[in-house]
Q: 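Pasting a structure here, questions to come.
Letters A, B, ... are given to chains in the order of the sequence lines, protein chains preceding strands, and every chain is numbered from 1.
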Amino acid sequence: MSKILILAQHDGSSINQSTSKAVTAAQQIQGASIDLIVFADDVNTIAAKASKLAGVNTVHAVTTSNENWKLAQGIAPKTAELSANYSHVFGPSTTFGKDVMPCVAALLGQNQISDIMQVIDATTFKRPIYAGNAVITVKSNHDKIVATIRTASFKTGDMTSGSANIENHSIEKAQTDTKFISLQAGNSERPDLQTAAKVISGGRGLGSEENFELMYKLADKIGAATGASRAAVDAGYCPNEMQVGQTGKIIAPDLYMSFGISGAIQHLTGIKDAGTIVAINKDADAPIYEVADIGLVGDLFKIVPELMEKL
Amino acid sequence: MKILVAIKRVVDFNVRVQVKPDGSGVATDGVKMSINPFDEIAIEEALRIKEAGKADEIVVVTIGVNDAQQQLRTALAMGADRAILVESESEIQSLKAAHSLLHIVEKEQPGLVIMGKQAIDDDNNQTPQMLATLWKRPQATFVSKLEINEDKALATREIDAGLETIEIKLPALVSTDLRLNEPRFVKLPDIMKAKRKPLDVINIDETVTGFDDKELNIENYESPQPRQKGVMVESVDELVAALKEKGLV
């Protein structure tokens, strides 16, 4: 039988939805028994929230110090240690999971299966390579599987009605070579880009940071999160956490509306799982139209104000 | 301080790879090969640290086929001092790469290892973290700003929530994100000069001894599911109507 340990992601006050998505992926393995591991300096509050995720039996709550729960070196050793009796160790394929999980894999002497997009069976999974231009089926023949779960491929489950047991743990010797200093967080007023149902996204076509305001206004009008292409972030029109694509965020909103984005393959891989993709660009030959469900060719500076009026 | 930069030879980022019809792999014969873009950023960062007087030698290493010497020569032309090719005819997975690089790290004793956060071929995003773990040194992944202060470094990381700053004690490993820097172009005279810089070749078997390589089995390659063909609309009114029909607004 599969026994799966999932590394929970949180921000200190709530459990990140990517954790629930990892639980959803784990539940697709037949007969799986699922536990969570969560780290925090003040772990009780967050462990209580983790225990509400439906389908979880036990939450391993590990107390850390000096904000070590934010650091890969602070949590990987304990995660590896507590995974002794598990067949699988999963983490979300977010920057948090990507940072920590390979450390866990190395400590366990395993190769990691990154970005699982489909569960075939307990030891076989599908994952994208080459910016999503190919999909491989990977099988592990080993006693332990370490993997990250591509969040756009799995749904958020029930995060409120669970009643898992909580087991407390501590770290005997905390690491001191890495220190958390600060986090400069983005705008938290708008919906979270990774979990939003609607996303308004802008590219190089916006032309400036000032013009990019149009994207925020439209997003606020329809209650959407905002995203961007690499070109827009590189040009300084908007902050890095808005980047969508191969090396940014991989998202799957119901509606993705892109403005002035040409659609490099590295960007398209980030939106392939979106429900409806709308493309607005002045260049009718832009590759974004190859994946768009609805396309409109024209000047975004005329189209956006008109949309604001008519939506 | 010595900086070790680990790079990978990959299919150029402009090439749209195709899956072979029999599902045995992707077609890479005759396609353009380049330094992984994130690794180019790693080389550039090392050069800038050296130019700021905070490092005295840059060693660049790759694991790959004999032809990967081309990518090492490019790194030397950019300004690296010497290069090491760990030759492997077959493709290896992340854990073996990390063990092999650990061997090089132990031999070279760098104060800093810089490498790209992921290779754009297998998109694994694992080897830097694995190497840091095996080396038992701190890591700063997805770094967009790096400041070296004697025996410490201040690293700003691009994470989902925004920009996180951490302090790491050296020696340490840094993996690069896109906005760390813009790599320089190589000039022709530098390409000529690079030909005379030292490039050592060793076999991968000399770097990984007594190591249990738990390789994952890749059973099949396939093309991704294409999205259905969409429609083009002529006006904002039509667009709004289409969105309303789908119940999206």
Side-chain angles (χ1 to χ4, degrees), chain A residues 11 71-73 76 94-95 98-99 102-103 105-107 109-115 128-142 177-186 194 222 230 234 239-241 247 249 254-255 265 276 291-296 303 306-307 310-311, chain B residues 11 13 16-17 19 26 93-95 98 118 120-126 129-130 132-134 137-139 141-142 144 154 158-169 177-179 212 214-224 227 230-233 236-237 239-240 242 246 248-249:
Chain A
D11 61 2
L71 303 167
Q73 265 74 37
T94 54
T95 51
K98 287 174 180 176
D99 189 35
C103 302
L107 289 167
Q110 301 288 342
N111 274 296
Q112 172 182 288
I113 305 175
S114 297
D115 306 319
I129 58 171
Y130 285 99
N133 276 314
V135 173
I136 54 173
T137 305
V138 184
K139 186 172 175 66
S140 165
N141 302 311
H142 309 300
D177 286 347
T178 312
K179 217 162 74 184
F180 172 82
I181 304 289
S182 64
L183 171 66
Q184 186 192 326
Q194 266 166 319
I222 64 165
R230 176 189 169 186
D234 280 358
N240 66 283
E241 67 268 18
T247 66
K249 286 176 178 153
D254 298 332
L255 174 63
I265 50 172
T276 298
V291 300
D293 299 283
I294 308 172
L296 174 59
I303 291 170
E306 197 181 337
L307 263 174
K310 291 174 175 167
L311 279 175
Chain B
V11 172
F13 78 102
R16 203 166 192 161
V17 300
V19 174
V26 295
Q93 295 184 355
S94 304
L95 189 63
Q118 75 193 70
I120 58 162
D121 49 6
D122 57 28
D123 281 333
N124 268 324
N125 194 333
Q126 298 177 9
Q129 295 90 318
M130 286 177 163
T133 304
L134 298 174
R137 294 305 309 164
Q139 72 187 36
T141 52
F142 327 142
S144 63
L154 209 55
E158 293 202 354
I159 63 167
D160 292 338
L163 293 171
E164 181 191 81
T165 303
I166 63 172
E167 188 186 78
I168 49 177
K169 270 191 201 150
D177 217 316
L178 292 169
R179 280 166 284 275
D212 177 15
K214 293 185 176 163
E215 275 212 351
L216 298 164
N217 204 1
I218 301 176
E219 299 198 313
N220 183 48
Y221 290 75
E222 63 192 293
S223 296
R227 287 182 71 95
V231 294
M232 296 299 288
V233 295
V236 170
D237 288 322
L239 171 60
V240 171
K246 286 173 175 262
L248 290 166
V249 288

Q: B:Gln139 vs A:Cys103, test: side chain to side chain contact (heavy atoms under 4.5 Å, CB included). Steps then yes/no.
A: CA-CA 10 Å; B:Gln139 72 187 36; A:Cys103 302; 3.1 Å; yes
Q: Output the distance between atom CG (B:Leu248) and atom CD1 (A:Ile294), rounded to the nearest 0.5 Å.
A: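 That separation rounds to 7.5 Å.
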Q: Mind running side chain to side chain contact (heavy atoms under 4.5 Å, CB included) on B:Glu222 and A:Thr137 for me, showing each step along the way?
A: CA-CA 8 Å; B:Glu222 63 192 293; A:Thr137 305; 4.0 Å; yes
Q: Roughly how far, to the nearest 0.5 Å, is the CG atom of A:Asn240 from the CG atom of B:Leu178?
A: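 If I round to the nearest 0.5 Å, the distance is 10.0 Å.
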Q: What option among B:Val240, B:Ile166, B:Asp177, B:Thr165 has the most heavy-atom pairs under 4.5 Å with chain A?
A: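 Answer, by heavy-atom pair count under 4.5 Å with chain A: B:Thr165.
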Q: Considering all heavy atoms of both residues, which atom of A:Tyr130 and which atom of B:Val26 are nearest to each other, and what is their separation?
A: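 Minimum heavy-atom contact is CE1-CG2, 3.5 Å.
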Q: For B:Phe142, which atoms come within 4.5 Å of any heavy atom of chain A: side chain, backbone, both, or neither?
A: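 The side chain, not the backbone.
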Q: Is it the case that the side chain of B:Gln129 and the backbone of A:Lys98 share a donor-acceptor pair, with hydrogens and angles ignored and the cut-off at 3.5 Å?
A: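 Yes; judged by distance alone, with no hydrogens or angles, the pair exists.
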Q: What heavy-atom pair brings B:Met130 and A:Ala105 nearest, and what distance separates the two atoms?
A: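 In this case the closest contact between B:Met130 and A:Ala105 is CE-CB, 3.8 Å.
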Q: Please rank B:Val231, B:Thr141, B:Val19 by heavy-atom pairs under 4.5 Å with chain A and give me the top one.
A: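 Ranked by contacts with chain A, first place is B:Val231.
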Q: If only atom types and distance count, is the side chain of B:Gln126 paired as donor or acceptor with the main-chain N or O of A:Gln112 below 3.5 Å?
A: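 Such a contact is found between B:Gln126 side chain and A:Gln112 backbone.
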Q: For the interface with chain B, which of A:Ala72, A:Gly109, A:Ser140 has the highest count of heavy-atom pairs at distances below 4.5 Å?
A: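 It is A:Gly109.
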Q: For B:Leu95 and A:Ala106, which heavy atoms make the closest approach, and how far apart are they?
A: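 Heavy-atom minimum between the residues: CD1-CA, 4.1 Å.
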Q: Could you report the tightest heavy-atom contact between B:Val17 and A:Asn133, atom names first, then the distance?
A: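 Reported closest heavy-atom pair: CG2-CB, 4.0 Å.
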Q: Could you check which of B:Ser144, B:Gly230, B:Ala98 has the highest count of heavy-atom pairs closer than 4.5 Å to chain A?
A: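 Going by pairs under 4.5 Å, I would pick B:Gly230.
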Q: Has B:Glu219 got more than 12 heavy atoms of other residues, nucleotides or ligands less than 6.0 Å from its CD?
A: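 Counting neighbours around CD of B:Glu219, more than 12 heavy atoms of other residues, nucleotides or ligands fall under 6.0 Å, so yes.
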Q: Is A:Ala134 in contact with chain B via its backbone, its side chain, both, or neither, using a 4.5 Å heavy-atom distance?
A: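 Both backbone and side chain.
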Q: Quick one: pull up OG in A:Ser182 and CG in B:Leu154 and give me the separation to the nearest 0.5 Å.
A: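 It comes to 8.0 Å.
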Q: Quick one: does any side-chain atom of B:Asp123 pair with a main-chain N or O of A:Ala131 as donor and acceptor, under 3.5 Å?
A: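 Side chain of B:Asp123 to backbone of A:Ala131, a donor-acceptor pair under 3.5 Å: yes, one is there.
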Q: Taking atom OG1 of A:Thr247 and atom CD of B:Gln118, what is their separation to the nearest 0.5 Å?
A: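 It comes to 6.5 Å.
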Q: Would the distance check show the side chain of B:Asp121 and the main-chain N or O of A:Ile129 forming a donor-acceptor pair, the cut-off being under 3.5 Å?
A: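 A pair under 3.5 Å: no.
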Q: Just verifying a value: how many Å separate B:Gln93 CD and A:Ile113 CD1, rounded to the nearest 0.5 Å?
A: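 That separation rounds to 9.5 Å.
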Q: For B:Arg137 versus A:Asp177, what's the shortest heavy-atom pair and its separation?
A: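 Taking B:Arg137 first and A:Asp177 second, the nearest heavy atoms are NH1-OD2, 3.6 Å.
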Q: When rounded to the nearest 0.5 angstrom, what distance separates CG in A:Leu255 from NZ in B:Lys246?
A: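 One finds 9.5 Å between CG of A:Leu255 and NZ of B:Lys246.
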Q: Minimum heavy-atom separation for B:Pro224 to A:Gly132, with atom names?
A: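 Closest approach of B:Pro224 to A:Gly132, heavy atoms only: CG-O, 3.1 Å.
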Q: Is there a donor-acceptor pair under 3.5 Å between the side chain of A:Gln110 and the backbone N or O of B:Lys214?
A: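 Side chain of A:Gln110 to backbone of B:Lys214, a donor-acceptor pair under 3.5 Å: no, none is there.
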Q: Given that the side chain runs from C-beta out, which part of A:Ile265 has a heavy atom under 4.5 Å from chain B: side chain, backbone, both or neither?
A: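 Only the side chain of A:Ile265 comes within 4.5 Å of chain B.
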Q: Any non-hydrogen side-chain atom of B:Ile159 less than 4.5 Å from a side-chain atom of A:Glu241?
A: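 No, every pair of side-chain atoms sits at 4.5 Å or beyond.
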Q: Give the member of B:Asn125, B:Val249, B:Ile218, B:Asn124 that has the highest number of heavy-atom pairs under 4.5 Å with chain A.
A: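 Heavy-atom pairs under 4.5 Å are most numerous for B:Asn124.
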Q: Could you check whether any side-chain N or O of B:Asp160 sits under 3.5 Å from a backbone N or O of A:Thr95, counting only pairs where one atom can act as donor and the other as acceptor?
A: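 Here the side-chain-to-backbone pair exists.
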Q: Using modelled atom types only, decide if a donor and an acceptor are shared between the side chain of B:Ser94 and the backbone of A:Asn111 within a distance under 3.5 Å.
A: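 Checking the backbone N and O of A:Asn111 against the side chain of B:Ser94, no donor-acceptor pair under 3.5 Å is found.
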